[in-house]
Amino acid sequence: MQDYHEFLDKIIISESVLQQRIAELGKEISRDYQDHNLHLICVLRGGVLFLADLMRQISVNHTIDFMAISSYGVGERQSTGQVRITLDLQEDIHDRDVLLVEDIVDSGFTIASVLEFLSTRHPRSLRVCALLDKVERREIAVPIHYRGFAIPNKFVFGFGLDIDEYYRNLPFIGAVNLDHYHPT
Ligand code: IMP
Ligand code: MG
């Protein structure tokens with residue numbers, strides 16, 4: 001397994017900038033969801049670090065749940081537009097104020113499918129909080145109510161985001177130099 005320094009092009013969002021923005025998002029969400037039945041749903045696996053830090057910045061009472069999906073055509077760095085639910089929610093979301101917590105919106109296909117899936121279960125409200133938004137890559141319009149950062153069209157890793165399942169633990173968001181990355 002390569003040391004990430006070998007293929008890190010540059011750190012595009014540092015740990016302190018990430019944490020500062022997450023604190024702002026937490027405040028905004030806390031303000032908007034006073035007197036609501038806030039239920040955060042995290043899409044595994046990329047969203048876990050964001051969820052863990054975000055929820056510590058949310059001051060209103062809330063609950064959490066997890067789901068996992070896989071894109072058809074796994075292993076690629078692009079999604080195909082169709083997703084399969086591989087882990088369903090533990091709890092019913094009927095009548096709850098659901099906030100979907102996502103790591104990154106790229107083409108938008110993943111979020112669009114997840115939103116469609118969740119809306120069939122009739123939550124009271126349904127919104128999206130995405131840490132990163134690769135605006136230029138969007139192929140399907142999706143509503144992002146809370147957005148951490150707009151980022152350029154580069155493959156990024158760290159803070160939950162993987163390259164072939166590794167490097168999720170890094171506390172910053174880095175861009176990859178694919179010429180220097182060698183899959184094992
Ligand atoms: P979309 O369906 O194209 O919006 O893809 C979203 C999913 O692709 C995310 O949840 C990530 O798992 C993955 N993804 C997209 N861009 C990146 C990236 O730059 N680094 C790591 N994973 C990414
Ligand atoms: Mg991935």
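Every value quoted in this text rests on a predicted model; they were computed, and no experiment measured them. Indexing begins at 1, ligand by ligand and atom by atom, following the structure's order. Atoms considered below: every heavy atom in the structure, side chains included; atoms not considered: hydrogens, waters and symmetry mates.
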With heavy-atom distances below 4.0 Å as the criterion, list the atoms of ligand 1 near [X].
{"X": "K134", "result": "16 (N), 17 (C), 18 (C), 19 (O)"}
{"X": "K154", "result": "19 (O)"}
{"X": "E102", "result": "10 (O)"}
{"X": "T110", "result": "1 (P), 2 (O), 5 (O), 6 (C)"}
{"X": "D162", "result": "21 (C)"}

Q. Counting heavy atoms not belonging to N153, are there more than 12 under 6.0 Å from its CG?
A.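 Yes, enclosed.
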
Q) What part of D103, side chain from CB on, backbone N/CA/C/O, both or neither, has a heavy atom under 4.0 Å from ligand 1? A)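 Just the side chain.
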
Q. Relative to ligand 1, is L161 under 4.0 angstrom through side chain, backbone, both or neither, heavy atoms considered?
A.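 Near ligand 1, L161 shows its side chain, while the N, CA, C and O stay back.
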
Q) Is it true that G46 lies under 4.0 Å from ligand 1, counting heavy atoms only? A)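 Flag not set, G46 not near ligand 1.
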
Q: Tell me, please: is F155 in heavy-atom contact with ligand 1, that is, under 4.0 Å?
A: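 Within the 4.0 Å threshold, so yes.
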
Q) If you group Ile, Leu, Val, Met, Phe, Trp and Tyr by side-chain heavy-atom gaps below 4.5 Å, do L126 and V83 land in one group? A)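 Yes; tracing contacts between hydrophobic side chains, which count when under 4.5 Å, links both residues.
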
Q) Should V101 and I93 be counted in the same cluster of Ile, Leu, Val, Met, Phe, Trp and Tyr side chains packed under 4.5 Å apart? A)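 Result: no, two separate clusters.
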
(Q) Any donor-acceptor pair under 3.5 Å linking the side-chain atoms of D92 with those of H94? (A)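 Distance-only check fails for H94 and D92.
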
Q) What heavy-atom pair brings E15 and F172 nearest, and what distance separates the two atoms? A)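 Shortest heavy-atom contact: N-CB, 4.1 Å.
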
(Q) Would G108 count as a polar contact of ligand 1, with the cut-off being nitrogen or oxygen pairs under 3.5 Å? (A)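 Yes: some nitrogen or oxygen of G108 is under 3.5 Å from one in ligand 1.
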
Q | Residue pair Y181, F155: steps toward the ring-ring contact (aromatic ring centres under 6.0 Å, His included) verdict | A | CA-CA 12 Å; Y181 172 69; F155 198 78; 8.8 Å; no

Q: Determine the interplanar angle of the Y33 and Y146 rings, folded into 0 to 90°, and report it as parallel if under 30°, tilted if 30 to 60°, perpendicular if over 60°.
A: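 Tilted: the ring planes of Y33 and Y146 meet at 30° to 60°.
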
